[in-house]
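By convention in this document, chain letters (A, B, ...) are assigned in the order of the sequence lines, proteins followed by strands, and residues within each chain are numbered from 1.
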Amino acid sequence: MAAGSDNAPLIAIVGETASGKSELAMQIAEKFNSEIIAADSWTVYKDFNIGTAKPSAQERARVPHHLLDIADPRKGFSAAEYKRLTVAASADISSRGKLPILVGGTGLYIDSVLFDYSFLPPATPEIRVTLNSLSIEELLQKILEADLDTLGLDLRNKRRLIRLLETNGARATRGELRPNTLIIGVQIPHEKLREQITTRVDAMLTAGLENEVAQLAQKYGWNVEPMKGIGYGEFHDYFNGTQSLEQTRERVIGATVNLAKKQRTWFKRNYSIHWISKQAEVVELVTTFLNK
RNA sequence: GCAGGGUUACUCAAGCGGUCAACGAUGGCAGACUGUAAAUCUGCUGGCUUCGCCUUCGAAGGUUCGAAUCCUUCACCCUGCA
């Protein structure tokens, strides 16, 4: 069966960071003979463990997890690669008679799979470097000269302009929601989320986040992509001595809260999500879905 | 007690007679989003019956056609001399 035409049942559990979706997914997975596919742009990187809240070895022993530790921090990663690997993993899980559960908070990655995004060819590094050095005005000038259609494009977002030039004006497309898919959204009150984020950041610090960051900085330097992520980048000033550990902690918490907000905004526009607040509802939803 | 500096919207901070409901930053809210997405970008952020009106720039008076901007007094804070 071609990966793209795989129509076996698929469940996606989405939500803000620290909303409790991972634990929920574990329970559903154990109950329904499933395997989990992480839908997270940071847990794909190997060696970045504590700060990304990556599932532990014990959790992975309880339920098989896919798409973790598959990217080299030095090389970066992309949504297109994510889609390809996830579609394949999902088909593989289904072919073994198990239920794939997509779990995560990276909206673009999730939607790329659920709505069959058609990614355009990747950029060539040399061209990107060149385009990156240009100003927005210069990029617009080039777009004008190439007579590319800018309809609906955010002309103030440099990355979008560069991408338009790279694809020579081609636009990617988005399909309908994948058939036989159940999307569950975990939502909790803002106040409670903030509490859980604080608790989780403190747990990360207790688990040795500082030490992990120090080692990763040593191994990869501060410029690799995942090093700029929440829970890592904030430590740069701390190791420089210009910021206390408490200030670092607060910055990490603040950045996480902001991330949660952005995630909420992304998921809000997806009307196919079944938002739930109690776990009991989920078992019922999944049961009904599978018996259809 | 004398001399000088300060008091601006949630916070920080510009403004120094009209173009000021008041630059900017942070914070907050909302949104966009297809090969960097924990990224990148956008809008709003005194009140309201929102092409306009109302109430603001420590307080109260005053000068002026017109004041956050000038003058007087008062309150509080900081600095130097006592």
Inset, instruction - Mind checking A/Thr17 for me? I need base, sugar-phosphate or nothing, with any heavy atom below 4.0 Å counting as a touch. - result: nothing
Inset, instruction - Examine the base of B/U40 for any acceptor or donor lying under 3.5 Å from a partner atom in the side chain of A/Asn157, and report the outcome as yes or no. - result: yes
Inset, instruction - Pick the C1' atom in B/U26 and in B/C81, then give their distance to the nearest Å. - result: 39 Å
Inset, instruction - Pick base, sugar-phosphate or nothing for A/Phe77, based on heavy-atom distances below 4.0 Å to the nucleic acid. - result: sugar-phosphate
Legend entry - Touch class at under 4.0 angstrom, heavy-atom based, for A/Arg264 against every strand present: nothing
Inset, instruction - Please determine, by modelled atom types, if A/Asp72 and A/Tyr45 share a side-chain donor-acceptor pair under 3.5 angstrom. - result: no
Inset, instruction - Mind checking A/Tyr109 for me? I need base, sugar-phosphate or nothing, with any heavy atom below 4.0 Å counting as a touch. - result: sugar-phosphate
Inset, instruction - Report yes if a side-chain nitrogen or oxygen of A/Thr106 is closer than 4.0 Å to either non-bridging phosphate oxygen (OP1 or OP2) of B/A38; otherwise report no. - result: yes
Legend entry - Salt bridge A/Arg249-A/Asp202, side-chain N to carboxylate O under 4.0 Å: yes
Legend entry - Watson-Crick or G-U wobble partner of B/A21, both distances under 3.5 Å: none
Inset, instruction - Using the P atoms only, state how far B/C51 lies from B/A67, rounded to an integer number of Å. - result: 26 Å
Inset, instruction - Taking atom types as modelled, find out whether A/Gln247 and A/Tyr238 have a side-chain donor-acceptor pair closer than 3.5 angstrom. - result: no
Legend entry - Protein-nucleotide distance (A/Leu108, atom CG; B/C41, atom C1'), rounded to Å: 15 Å
Legend entry - Upstream residue (5' side of RNA chain B) when A/Tyr117 and A/Gln263 are each assigned their closest nucleotide: A/Tyr117
Inset, instruction - Report which part of the nucleic acid A/Arg160 touches: base, sugar-phosphate, or nothing (heavy-atom distance under 4.0 Å, all strands). - result: base
Legend entry - Rounded interatomic separation in angstrom, taking CD from A/Glu225 and P from B/A38: 10 Å
Inset, instruction - State the pairing partner of B/C48; accept Watson-Crick or G-U wobble contacts with both distances under 3.5 Å, and report none otherwise. - result: B/G52
Inset, instruction - Report the nucleotide, chosen from B/U34, B/A39, B/U42, that has the shortest atom-to-atom distance to any side-chain atom of A/Asp154. - result: B/U42
Inset, instruction - Could you check whether A/Gly51 gets within reach of a base, just the sugar-phosphate, or nothing at all, counting any heavy atom under 4.0 Å? - result: base
Inset, instruction - Classify the nucleic acid contact of A/Lys261 as base, sugar-phosphate or nothing, counting any heavy atom under 4.0 Å across all strands shown. - result: sugar-phosphate
Inset, instruction - Mind checking A/Glu166 for me? I need base, sugar-phosphate or nothing, with any heavy atom below 4.0 Å counting as a touch. - result: nothing
Inset, instruction - Could you check which nucleotide pairs with B/A13 in any of the strands shown, counting Watson-Crick or G-U wobble with both distances under 3.5 Å? - result: none
Legend entry - A/Phe239 and A/Trp222 aromatic ring geometry - parallel, tilted or perpendicular at 30°/60° bounds: tilted
Inset, instruction - Quick one: label A/Arg174 by what it contacts on the DNA or RNA (base, sugar-phosphate, nothing), any heavy atom closer than 4.0 Å. - result: base
Inset, instruction - Flag the pair A/Asp69 and A/Arg60 as a salt bridge only when some basic side-chain nitrogen lies within less than 4.0 angstrom of an acidic carboxylate oxygen. - result: yes
Inset, instruction - With a 3.5 angstrom cut-off on both distances, give the Watson-Crick or G-U wobble partner of B/U79, or none if there isn't one. - result: B/A3
Legend entry - Check: A/Glu234 side chain, A/Gly231 main-chain N or O, donor-acceptor pair, under 3.5 Å: yes
Inset, instruction - In whole angstrom, give me the gap between the P atoms of B/U73 and B/A3. - result: 11 Å
Inset, instruction - Select base, sugar-phosphate, or nothing to describe what A/Lys228 touches, counting heavy atoms under 4.0 Å on all strands. - result: nothing
Inset, instruction - Could you check which of B/U34, B/G28, B/C33 has an atom nearest any side-chain atom of A/Asn258? - result: B/G28
Inset, instruction - Spell out, as yes or no, whether a donor-acceptor pair under 3.5 Å connects the side chain of A/Gln263 to the backbone of A/Gly105. - result: yes
Legend entry - Given B/A38, B/A30, B/G43, the nucleotide with the shortest approach to the side chain of A/Arg156: B/G43
Legend entry - Rounded interatomic separation in angstrom, taking CG from A/Asp111 and C1' from B/A32: 14 Å
Inset, instruction - Would you indicate what A/Thr256 reaches in the nucleic acid, counting non-hydrogen atoms under 4.0 angstrom: base, sugar-phosphate, or nothing? - result: nothing
Legend entry - Euclidean distance, atom CZ of residue A/Arg159 to atom P of B/U34 [Å, nearest integer]: 12 Å
Inset, instruction - Counting Watson-Crick and G-U wobble pairs only, both distances under 3.5 Å, name the nucleotide matched with B/U36, or none. - result: none
Legend entry - Whole angstrom value for the distance that separates P of B/G28 from CZ of A/Arg194: 8 Å
Legend entry - Counter-base of B/U42, judged by Watson-Crick or G-U geometry with both distances under 3.5 Å: B/A30
Inset, instruction - Report yes if a donor N or O on one partner sits less than 3.5 Å from an acceptor N or O on the other, where the partners are the side chain of A/Arg163 and the base of B/U34; otherwise report no. - result: no
Inset, instruction - Answer yes if the side chains of A/Glu212 and A/Tyr232 hold a donor-acceptor pair under 3.5 Å, and no otherwise. - result: yes
Inset, instruction - Using the P atoms only, state how far B/U55 lies from B/A38, rounded to an integer number of Å. - result: 48 Å
Inset, instruction - Rounded to whole angstrom, note down the C1' distance from B/U64 over to B/G4. - result: 29 Å
